[in-house]
*Asks:* 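Dumping the structure here so I can ask a few things about it.
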Amino acid sequence: MGWLKRLFGLEKPQNAEVNPTPQAVPQTSNANFAPETTAPSTATQSIPPERLGLNGEYDQSGLAKRVALAFDQDSQLDDINTLWVAQTGGTVVLKGKVPSQDILNRMVSVARSVNGATGIDTNQVTIG
């Protein structure tokens, strides 16, 4: 079972990417708060990189899902099922058990390569 399926109950979406192009998010008008800006706003707002989903959409757990996808795409990591991926802001949090330090190092390297990852927390990982 793949990472996305095990952690999030998701099949890999078609066109899913580890580092997708962000979709534009329409910005709402501030007319109620700033009457001087009553003209309708056509501006768009970008999605923070840690909230970018698998297809470039806004996703609260976007970074964790994209790290899981990256693990699925790595032949050394795709069959590890004793580790979980979460996120706190831009920090990727790894929890659980891995068979070796080399595997953990590989996971940290892959997670760091995902856009939006500002740090990797391995304090809750055991080796063995």
*Asks:* Under the side chain to side chain donor-acceptor pair (under 3.5 Å) rule, what pairs show up with a residue in residues 73-90, not counting sequence neighbours?
*Replies:*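 Matches after skipping sequence neighbours: Asp74-Arg106.
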*Asks:* Might you point out which heavy atoms bring Ala68 and Phe8 nearest each other, and give the distance in Å?
*Replies:*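 In this case the closest contact between Ala68 and Phe8 is CB-CE1, 4.2 Å.
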*Asks:* Does Gln101 have more than 12 heavy atoms from other residues, nucleotides or ligands lying within 6.0 Å of its CD?
*Replies:*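 Atom CD in Gln101 is packed in, count exceeds 12.
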*Asks:* How many angstroms lie between CG in Leu4 and NZ in Lys12, if you round to the nearest 0.5 Å?
*Replies:*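 It is 9.0 Å, given to the nearest 0.5 Å.
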*Asks:* Applying the side-chain contact (heavy atoms from CB on, under 4.5 Å) criterion to Trp3, which one of Val67, Leu69, Ile80 satisfies it?
*Replies:*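 It is Ile80; the other options fail the test.
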*Asks:* Heavy atoms only: give me the nearest Gly53-Pro20 pair and the separation to one decimal.
*Replies:*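 Heavy atoms of Gly53 and Pro20 come nearest at O-CG, 3.2 Å.
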*Asks:* Hey, could you give me the CG/CD distance between Asn55 and Glu17, rounded to the nearest 0.5 Å?
*Replies:*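 Going from the CG atom of Asn55 to the CD atom of Glu17 covers 7.5 Å.
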*Asks:* If we only count heavy atoms from C-beta on, is the Glu50 to Thr118 side-chain gap below 4.5 Å?
*Replies:*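 No; the side chains remain at least 4.5 Å from each other.
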*Asks:* Is there a path from Phe71 to Ile127 through hydrophobic residues (I, L, V, M, F, W, Y) whose side chains come within less than 4.5 Å of each other?
*Replies:*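 Yes, because Phe71 and Ile127 connect within a single hydrophobic cluster, where side-chain heavy atoms sit under 4.5 Å apart.
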*Asks:* When rounded to the nearest 0.5 angstrom, what distance separates CD1 in Ile120 from CG in Leu104?
*Replies:*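 Going from CD1 on Ile120 over to CG on Leu104, the span is 10.0 Å.
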*Asks:* Taking all atoms of both residues into account, what is the closest heavy-atom pair of Met107 and Leu94, and its distance?
*Replies:*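 Between these two residues, the closest heavy atoms are CB-CD1, 4.4 Å.
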*Asks:* As an exercise, state the distance from CG of Leu54 to CG of Leu10, rounded to the nearest 0.5 Å.
*Replies:*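 Result: 7.0 Å between the selected atoms.
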*Asks:* Which heavy-atom pair separates Pro49 from Gly116 by the least distance, and what is that distance?
*Replies:*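 Smallest interatomic distance, heavy atoms only, reads CB-CA, 3.6 Å.
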*Asks:* Only one of Val92, Leu52, Asn19 clears side-chain contact (heavy atoms from CB on, under 4.5 Å) with Val114; which?
*Replies:*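 Option passing the side-chain contact (heavy atoms from CB on, under 4.5 Å) with Val114: Asn19.
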*Asks:* Which value, rounded to the nearest 0.5 Å, describes the distance between Ile47 atom CD1 and Glu57 atom CD?
*Replies:*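 With rounding to 0.5 Å, CD1 (Ile47) is 7.5 Å from CD (Glu57).
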